[in-house]
Peer 1: 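Sharing a structure with you now.
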Amino acid sequence: MSTTRLISIADAPELAALLLDNQLYLAPWEPHRPDAYFTPDGQRQVIEDLLRQYDHGTALPHVIVEDGRVIGRVTLTTIVRGPLQSASLGYFVDAHRTGRGVATEAVRQICRISFADLGLHRLEAGTLVHNVRSRRVLEHNGFQRYGLAPRYLRIAGDWQDHVLYQLLNE
């Protein structure tokens with residue numbers, strides 16, 4: 001059974017190894033990354049940035065853990081308070097653990113925290129049009145498709161369309 005917990009600087013070496021092992025698998029779904037991103041120092045910088053955002057209340061970075069090992073990450077970013085009370089959701093899971101409900105459960109856990117603990121009203125997520133597995137993860141968690149964003153993000157070197165989803169705390 002997998003669970004999520006707040007990311008820590010101590011996760012940097014394990015995350016770097018995980019990302020390096022999954023580099024080819026994740027490449028079609030991610031922006032181009034410099035080689036340094038896949039090193040412990042690169043991940044330490046990413047984690048430090050995420051934890052600064054966490055300290056400011058604008059991010060909630062979690063790792064996905066199974067049998068004591070980090071097997072992915074699920075993160076809320078762009079947390080906005082005031083009348084919006086919203087955040088953006090992103091996640092990835094080790095290629096060897098896909099298709100087993102790990103991402104679905106991690107998203108379920110972060111949604112629960114988002115609404116029950118953080119008091120957010122809305123979560124949003126975007127997936128590449130052809131990323132059927134990621135769309136299923138969102139749909140299994142009650143996310144509703146609400147639009148298509150043409151050339152939304154530069155992924156794998158190209159500006160690509162994304163299907164937009166939201167989940168409301170209702």
Side-chain angles (χ1 to χ4, degrees), residues 4 7 15-16 18-20 22-38 42-43 45-54 56-64 71-95 97-99 101-115 118 120-170:
T4 72
I7 201 168
L15 268 171
L18 179 67
L19 288 163
L20 188 60
N22 283 270
Q23 189 172 7
L24 290 177
Y25 169 71
L26 294 173
W29 320 113
E30 292 279 318
H32 282 156
R33 307 280 191 190
D35 290 342
Y37 179 82
F38 301 94
Q43 282 306 296
Q45 289 176 356
V46 169
I47 293 167
E48 286 172 353
D49 184 49
L50 286 169
L51 290 174
R52 269 192 300 277
Q53 293 174 51
Y54 172 72
H56 288 100
T58 60
L60 181 64
H62 274 212
V63 287
I64 304 167
I71 62 166
R73 192 171 65 212
V74 58
T75 303
L76 295 179
T77 57
T78 323
I79 297 174
V80 178
R81 294 302 186 167
L84 187 56
Q85 297 294 328
S86 182
S88 295
L89 170 71
Y91 48 90
F92 81 89
V93 173
D94 177 42
R97 291 177 172 82
T98 61
V102 172
T104 300
E105 179 58 27
V107 168
R108 183 173 294 117
Q109 290 177 31
I110 209 79
C111 288
R112 192 174 311 120
I113 293 167
S114 299
F115 296 146
L118 300 181
L120 295 176
H121 170 68
R122 179 178 177 273
L123 297 179
E124 67 177 18
T127 69
L128 290 166
V129 173
H130 58 281
N131 192 342
V132 175
R133 283 185 167 183
S134 188
R135 291 171 60 186
R136 283 189 192 133
V137 166
L138 295 170
E139 291 165 358
H140 285 165
N141 277 288
F143 280 75
Q144 303 272 320
R145 178 182 172 154
Y146 74 93
L148 178 72
R151 296 171 303 288
Y152 185 62
L153 291 173
R154 192 169 188 173
I155 301 295
D158 294 316
W159 290 100
Q160 296 197 41
D161 298 350
H162 279 64
V163 178
L164 301 178
Y165 286 86
Q166 69 177 2
L167 179 65
L168 301 177
N169 184 12
E170 297 183 331

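Just so you know, these numbers use all the heavy atoms, side chains as well, and skip hydrogens, waters and symmetry mates. All residue numbers refer to positions in the sequence shown, counting from 1.
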Peer 1: Determine the minimum heavy-atom distance between A156 and A27, stating which atoms define it.
Peer 2: CB-O, 3.6 Å

Peer 1: Are the side chains of V93 and R133 in touch, meaning some heavy atoms are under 4.5 Å apart?
Peer 2: no

Peer 1: Between L26 and F92, which heavy-atom pair has the shortest distance, and what is it?
Peer 2: CD1-CD1, 3.9 Å

Peer 1: Side chain to side chain donor-acceptor pair (under 3.5 Å) for D49 and Q53? Distances and angles first, verdict last.
Peer 2: CA-CA 6 Å; D49 184 49; Q53 293 174 51; 3.0 Å; yes

Peer 1: Measure the shortest side-chain to side-chain distance between H162 and L128 over non-hydrogen atoms and say whether it is less than 4.5 angstrom.
Peer 2: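 Yes, their side chains come closer than 4.5 Å.
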
Peer 1: So, for L164 and G126, which heavy atoms are closest and what is the spacing to 0.1 Å?
Peer 2: CD2-CA, 4.2 Å

Peer 1: Does some side-chain heavy atom of Y152 sit less than 4.5 Å from a side-chain heavy atom of V129?
Peer 2: no

Peer 1: Has the side chain of N169 got a donor or acceptor atom that lies under 3.5 Å from a matching backbone atom of L120?
Peer 2: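 Yes; at least one donor-acceptor contact below 3.5 Å.
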
Peer 1: Residues two or more places apart in sequence or in another chain: which of them pass side chain to side chain donor-acceptor pair (under 3.5 Å) with Q166?
Peer 2: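 Listed in chain order: R122.
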
Peer 1: Report yes if some heavy atom in the side chain of Q23 is under 4.5 Å from a heavy atom in the side chain of R33; otherwise report no.
Peer 2: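 Heavy-atom side-chain distance check fails, nothing below 4.5 Å.
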
Peer 1: Are any of the side-chain heavy atoms of I7 and Y54 separated by less than 4.5 Å?
Peer 2: no

Peer 1: Could you go step by step and tell me if R81 and L118 meet the side chain to side chain contact (heavy atoms under 4.5 Å, CB included) rule?
Peer 2: CA-CA 10 Å; R81 294 302 186 167; L118 300 181; 3.8 Å; yes

